[in-house]
Amino acid sequence: MELRLYNTLTRAKDPLRPFDPHNVRMYVCGPTVYDHAHIGNARPVIVFDVLYRLLRRLYGTGHVTYVRNITDVDDKINARAAERGISIRDLTEETYRWFREDTAALGCLRPDVEPRATEHIAEMRTLIESLVASGHAYVAEEHVLFHVPSMPDYGALSRRPLDEMVAGARVDVAPYKRDPTDFVLWKPSPDGVPGWPSPCGIATPGRPGWHIECSAMSWRHLGETFDIHGGGIDLVFPHHENEIAQSRCAFQTGVMAQVWMHNGFLMLEGEKMSKSLGNFVTIRELLDEWPGEVLRLAMLSTHYRQPINWTRQGLGFAAKTLDKWYRIVGDAEAETGPDNPFESEIAERLADDLNAPSAITHLHHLAEVAEQEDDPALRRRFKGAANLLGLLDGTDSAWRTSQKAAVALDEASIAALIAERLAARKARDFKRADQIREELASKGIALMDNKDGTTSWEVSR
RNA sequence: GGCCACGUGGCGGAGUGGUUACGCAGCGGACUGCAAAUCCGUGUACGGGGGUUCGAUUCCCUCCGUGGCCUCCA
């Protein structure tokens, strides 16, 4: 099975040819930990989790290294810590813990390494000094700047000619820059701002620029070159462009990562998500209302490179689908591994540039097969196939229980009402029976009269 | 202004140079006291205009619309 991935560098679906198939290496830009992650932040987390699962399926679980960094040095962090009157460390630790809880609820595996920027200052200094030594960077007014014209093919990722960048710039250029496009590798820390000993003989303590940390952490944990680099499409320029410049110039390599992958943007009910519009939703807020698996399926229903419109309706669809699928798999154990043909069929679809919507379509088909043939093996295979997308990891019982936990009414009262309705039906008092059914329906509870004369219920949205 | 994406049936959303996925909703039927769930069946599409082609939703051009990025802001 050939894995083909859309590469922003070449603007084409390229077959993945890992440097070392025994250790496929992937780096994804992680969160800046100063506040709860919003649903837009969840997109790359889920998308690259699917890719991670697929890579492990194709190359073997022990043959993939997935690194996702934690940015714990940033002006927004400083501002928020000051605002809340807590230490920077407390803020970043607390926010990181939230992030871990949120992403676990979304069914995402932990990356192999989650490096923190503040623990890689030494690597950053090494990179910066090497860039200065090779003439790609210079010191100016206690800053260290990367000199963009020193790299002839700068801009290859975003395909942005240098002269146009200058022409289009709408920000005042700092006077100490040799070239308007030069960007900061290291900057001085004023009093009260976290600082570390500066490189290049600069006396004042300083802190890293925005981009150098990813070059440092990917170098430390994956090496000078690696296979896949991912992140949101908004990071293409300048962040990833600058990472490439730093790493390639520091290590004198032709590439930093072979494949650059970018997920599309997320809109909320048709509008750009922004705090000012008041339509800003955190993962946590959504998890209060929906199982994480619903969010995951809704997210994967749109191809990762397409813009996604995040809607309540979409969540409802996802919930309904999972209801159906869990009913089919019941509490069966998943069959996983290459011997499961269903799983291979899903892998095949994902291998085409992570076409999750196509995989989901196929799951609908497999669900039908599993449901119609009364063969437990097929249900186990169906479940294993869904597992590759990180779906149907639980059991039907657990799913129903979690759904019922969200209902405002306690189970005993529901049971009492059902008993009363059954009695009314027996007495052919259908008016009263329907009245009870409507009462429960208004509370989001759907009744089902079974063939054997019993009545069961489930949550409907 | 520059660069880059995207525009598919009522909604969501894949895909393809020629036989029009899939899900939800709708409609018809079975089941039911009536429903729900389930099962069976079923209709509807490829932003506008040019071009290439025997043939385009699929390739090219253009227009319109939407969105993103344009340097320290994930």
Side-chain angles (χ1 to χ4, degrees), chain A residues 8 11 29-34 37 40-41 44 69 71 74-76 143 145-146 148 155 158-161 163-174 177 180-185 187 208-214 231-242 262 264-267 270-272 297-298 300-303 305-309 311 313-321 323-324 327-328 349 352 355-365 367-368 371-372 424-426 428-431 433-434 437-438 440-441 445-451 455-458 460:
Chain A
T8 306
R11 310 282 154 122
C29 290
T32 299
V33 281
Y34 70 101
N41 300 133
N69 71 288
T71 297
D74 179 274
D75 286 350
K76 274 190 286 199
H143 290 69
L145 292 126
F146 186 93
V148 169
S158 54
R159 308 219 169 164
R160 222 172 273 252
D163 50 344
E164 276 174 14
M165 274 189 274
V166 177
R170 56 184 183 196
V171 175
D172 291 337
V173 175
K177 284 188 181 182
T181 59
D182 292 351
F183 60 89
V184 166
L185 299 172
K187 54 192 171 185
W210 178 24
H211 317 292
I212 193 70
E213 58 176 74
C214 284
I233 195 165
D234 55 321
L235 299 180
V236 173
F237 188 88
H239 185 54
H240 289 166
E241 199 72 78
N242 291 349
H262 295 97
F265 241 73
L266 180 142
M267 313 254 292
E271 284 190 315
K272 182 184 173 178
L297 179 57
L300 293 174
S301 298
T302 298
H303 185 94
R305 282 194 282 124
Q306 292 279 80
I308 188 170
N309 187 18
T311 60
Q313 187 192 37
L315 289 166
F317 288 170
K320 197 162 179 174
T321 301
D323 248 339
K324 182 174 176 176
R327 185 172 49 71
I328 293 167
R349 282 164 171 79
D352 178 18
N355 195 337
S358 169
I360 290 167
T361 290
H362 195 60
L363 281 179
H364 280 291
H365 170 70
E368 201 171 319
E371 186 180 29
Q372 290 187 342
R425 288 178 68 208
K426 215 165 198 173
R428 304 197 64 81
D429 180 2
F430 296 121
K431 198 176 162 192
D434 292 352
R437 184 166 65 199
E438 275 158 36
L440 285 169
I445 293 155
L447 295 186
M448 284 153 294
D449 294 330
N450 304 314
K451 296 254 181 195
T455 295
S456 47
W457 64 277
E458 62 182 36
S460 69

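Side chains included, hydrogens not; waters and symmetry mates left out as well; all remaining heavy atoms used. Just so it is clear: chains get the letters A, B, ... in the order the sequence lines come, proteins before strands, and each one is counted from 1.
Among the protein residues, A:G30 comes within range of the nucleic acid bases, having at least one heavy atom under 4.0 Å from a base atom. Nucleic acid contact for A:H362: none, since no nucleic acid atom lies under 4.0 Å from a heavy atom of the residue. Nucleic acid contact class of A:D352 (heavy atoms, under 4.0 Å, all strands): none. Counting any heavy atom pair closer than 4.0 Å across all strands shown, A:R425 reaches a base atom. Heavy atoms of A:E241 sit nowhere under 4.0 angstrom from any nucleic acid atom. Counting non-hydrogen atoms under 4.0 angstrom, A:P357 reaches the backbone sugars and phosphates but no base. Counting non-hydrogen atoms under 4.0 angstrom, A:N41 reaches nothing in the nucleic acid.
Between B:C3 and B:C46, the two C1' atoms lie 28 Å apart (nearest whole Å). B:A5 and B:G10 have their C1' atoms separated by 27 Å, with the value rounded to a whole Å. For the C1' atoms, the distance from B:U42 to B:A25 is 14 Å, rounded to whole Å. B:G50 and B:U38 have their P atoms separated by 46 Å, with the value rounded to a whole Å. For the C1' atoms, the distance from B:A35 to B:A30 is 15 Å, rounded to whole Å. One C1' atom belongs to B:G48, the other to B:C64, and the distance between them is 7 Å to the nearest Å. B:U52 sits 15 Å from B:U62 when the C1' atoms are compared, rounded to a whole Å. Annotation: B:U8 and B:A14 have their C1' atoms spaced 10 Å apart (nearest Å).
Between atom CG of residue A:L145 and atom NZ of residue A:K187 there is a gap of 11.0 Å, rounded to the nearest 0.5 Å. In this structure, the separation between OG1 on A:T302 and CG on A:N309 is 8.5 Å, given to the nearest 0.5 Å. We find the CZ-OG1 distance between A:R159 and A:T8 to be 9.5 Å, quoted to the nearest 0.5 Å.
When distances run from any side-chain atom of A:K451 to the nucleotides B:C72, B:G68, B:C31, the shortest one goes to B:C31. The listed nucleotides are B:C24, B:U71, B:A14; the one nearest the side chain of A:K324 is B:C24. Taking every side-chain heavy atom of A:F317 into account, B:C24 is the closest of B:C72, B:G33, B:C24. Considering only side-chain atoms of A:M448, the nucleotide from B:A36, B:A14, B:A25 that sits closest is B:A36. Of all nucleotides listed (B:C73, B:G13, B:C69), B:C69 comes nearest to the side chain of A:D234. You'll find that the side chain of A:R437 is closest to B:G33, out of B:C22, B:G33, B:U38. Side-chain proximity of A:D434 to B:A14, B:C34, B:G68: nearest is B:C34. Closest to the side chain of A:T321, out of B:C69, B:A14, B:G23, is B:G23. Minimum atom distance to the side chain of A:D449 is reached by B:A35, of the listed B:C73, B:C6, B:A35. Listed nucleotides: B:A14, B:C72, B:C11. Nearest to the side chain of A:T302: B:A14.
Atom P of nucleotide B:G23 and atom CZ of A:R349 are separated by 13 Å, given to the nearest angstrom. The distance between atom NE2 of A:H364 and atom P of B:C22, rounded to the nearest whole Å, is 11 Å. B:C34 atom P lies 16 Å from atom CG of A:N450, rounded to whole Å. Between A:K187 atom NZ and B:C72 atom C1' there is a gap of 6 Å when expressed in whole angstrom units. If you measure from atom CE of A:M267 to atom P of B:G12, you get 12 Å, rounded to the nearest angstrom. When rounded to the nearest whole Å, the span between CD of A:Q313 and C1' of B:C11 equals 5 Å. In this structure, A:F146 atom CZ and B:U71 atom P are separated by 18 Å, rounded to whole Å. In this structure, A:I328 atom CD1 and B:G23 atom C1' are separated by 13 Å, rounded to whole Å.
Residues A:E371 and A:L145 each lie close to RNA chain B; by heavy-atom proximity, the contact nearer the 5' end of the strand is made by A:E371. Judged by closest nucleotide on RNA chain B, A:H365 is the one of A:A446 and A:H365 placed further toward the 5' end.
Within 3.5 Å, no donor on the side chain of A:T361 pairs with an acceptor on the base of B:A14, nor the reverse.
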When you look at A:D434 and A:R437, which way does the salt bridge (charged side-chain N to carboxylate O under 4.0 Å, His left out) test go after all the steps?
-> CA-CA 5 Å; A:D434 292 352; A:R437 184 166 65 199; 3.5 Å; yes

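For B:U71, the OP1/OP2 oxygens have no side-chain nitrogen or oxygen of A:N242 closer than 4.0 Å. Under 4.0 angstrom from either OP1 or OP2 of B:A14 there lies at least one side-chain N or O belonging to A:Q306.
In this entry B:C3 has B:G68 as its Watson-Crick or G-U wobble partner, both defining distances falling under 3.5 Å. The partner of B:G12 is B:C22, judged by Watson-Crick or G-U wobble contacts that both fall below 3.5 Å. Shown here, B:C34 forms no base pair; nothing in the strands shown gives a Watson-Crick or G-U wobble contact with both key distances under 3.5 Å.
For CZ of A:R11, the number of neighbouring non-hydrogen atoms (other residues, nucleotides, ligands) closer than 6.0 Å is greater than 12.
Contact check for A:F317 versus A:S301: no side-chain heavy atoms found under the 4.5 Å cut-off. Two residues are said to be in side-chain contact when any heavy atoms from C-beta on lie closer than 4.5 Å; A:R349 and A:S358 meet this criterion.
A salt bridge links A:E371 to A:R327: at least one charged side-chain nitrogen sits closer than 4.0 Å to a carboxylate oxygen.
A pairwise comparison of heavy atoms in A:T455 and A:D449 identifies OG1-OD1, 2.9 Å as the closest pair.
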